[in-house]
Amino acid sequence: MKTYTSLSLLLMAGIACPAYAQCDTPQKSCCGKNTDAYIKLYDHHNKHPRINSITYPGDANNLDMYNSIYGHGAVIENPWVAYRVYMDNRQSLDLYVKQVPQTELDITGFYTTPEQMSQGYGCDVLWAGKSVAAGSFRGWDGKNPLTIDSVASRSQTVPDRKTVVVKDENWNYNGHDIDMTQKYTVCGNSRDLDVEITLEGYSPDDLFCTGIQKLEMKNQGFIKPEGYAASWGENIPDKNHPELVEGVGLGIIVAPENIVKTIEDDLNYLVIVRPDNNGKIRYKVIATGSREKNGFKSYKEWADYITGRFKNK
């Protein structure tokens, strides 16, 4: 029988920070080591140097932006999962799941080889398509999520190893301009991704949305009026390799002051949101996958976990 130290048990469980807490300083108890965040440039010499920040004018071609960065956007990871934020008008969150708790994206770069997978590394596990993927932020037209299409400039910045900041200046939304900052934060002792959206120049009537996608195969899930949701199922993240089927669990918990209503469509479980009195929208994205050796094994286990996280927030 295996014995585990308290640290090992903590890492396997993915003990979380208090709901909506932001890890702004290394001194906070929910922060620590075992995280990484970066932007790497794409180059033909395969050096892919790290940079701190990149900004594009608003009229830049989406595909050019997307392809200029290695991994197509900024990457952020905790010991269990990693996300990349696409550098285009979608600004979608894509998901990578680890086999064992560790930081590894600097090695695999979201493009894990078969050899690396056999050595115990994780891989990209999600096919987002036209969905909101794993907690991507969107506008809302009353019927459908909206991408961030018309801006004066868009940028991604990595201020430290646990934070990614995305900024859109003069986002033309409902006939007026909004300055938007999306802050993504991870901690070394939690599987959560903390999201804080700050909006300036919005109208009181402006609504937005976030949520999680329904998996393309065997999806099971729910969304509650209190602003939390879970999904569980399978998908094929790389359509060139249909033999690689990945099991995925997604969850989201939105701060109560931001919730307008919850709905679902063919692709998503959605939470319609508006900013609080300080212009902020906060939520947590929580994820897992069948690749985790000591992870969740069933929809019930995952659904109970997300429900428990909401009730204990």
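Numbers here simply count residues along the sequence, with the first being 1.
- Counting only residues at least two apart or on different chains, the side-chain hydrogen bond (donor to acceptor under 3.5 Å, both in side chains) pairs with a member in residues 202-213 are Ser131-Gln213, Asn174-Asp206, His176-Asp206, Thr210-Tyr283.
- Remark: Asp276 engages Arg282 in a salt bridge, criterion side-chain N to carboxylate O under 4.0 Å.
- Residues meeting the side chain to side chain contact (heavy atoms under 4.5 Å, CB included) test with Ala134, sequence neighbours left out: Tyr83, Leu126, Leu250, Val285.
- Applying the salt bridge (charged side-chain N to carboxylate O under 4.0 Å, His left out) test to Lys293 and every residue at least two apart in sequence or in another chain returns nothing.
- For the ring pair (Phe, Tyr, Trp, His ring centres under 6.0 Å) condition, the pairs that include at least one residue of residues 98-119, sequence neighbours left out, are Tyr70-Tyr111, Tyr96-Phe110.
- Within the structure, salt bridge (charged side-chain N to carboxylate O under 4.0 Å, His left out) contacts touching residues 84-93 (residues at least two apart or in different chains) are Arg84-Asp94, Arg84-Asp124, Asp88-Arg90.
- Lys218 is linked by a salt bridge (charged side-chain N to carboxylate O under 4.0 Å, His left out) to Glu234, counting only residues two or more places apart in sequence or in another chain.
- The only option from Val125, Val186, Ile286, Leu95 that meets the side chain to side chain contact (heavy atoms under 4.5 Å, CB included) definition with Val81 turns out to be Leu95.
- With sequence neighbours left out, the salt bridge (charged side-chain N to carboxylate O under 4.0 Å, His left out) criterion links Asp238 to no other residue.
- Legend: ring pair (Phe, Tyr, Trp, His ring centres under 6.0 Å) pairs involving residues 112-154, not counting sequence neighbours, sorted by first then second residue: Phe137-Phe208.
- Contacts classified as salt bridge (charged side-chain N to carboxylate O under 4.0 Å, His left out) and involving residues 59-79 (residues at least two apart or in different chains) are given here: Glu77-Lys98.
- For the pair Lys224 and Tyr228, the cation-pi criterion (under 6.0 Å, within 45° of the ring axis) is not fulfilled.
- Applying the side chain to side chain contact (heavy atoms under 4.5 Å, CB included) rule to Thr113 yields the partners Glu115, Gln116; only residues at least two apart in sequence or on another chain are considered.
- With sequence neighbours excluded, the residues satisfying salt bridge (charged side-chain N to carboxylate O under 4.0 Å, His left out) with Glu216 are Lys239.
- Annotation: side chain to side chain contact (heavy atoms under 4.5 Å, CB included) contacts of Pro204 (sequence neighbours excluded): none.
- We find that Asp179 and Lys167 are not joined by a salt bridge, their nearest charged nitrogen and carboxylate oxygen being 4.0 Å or further apart.
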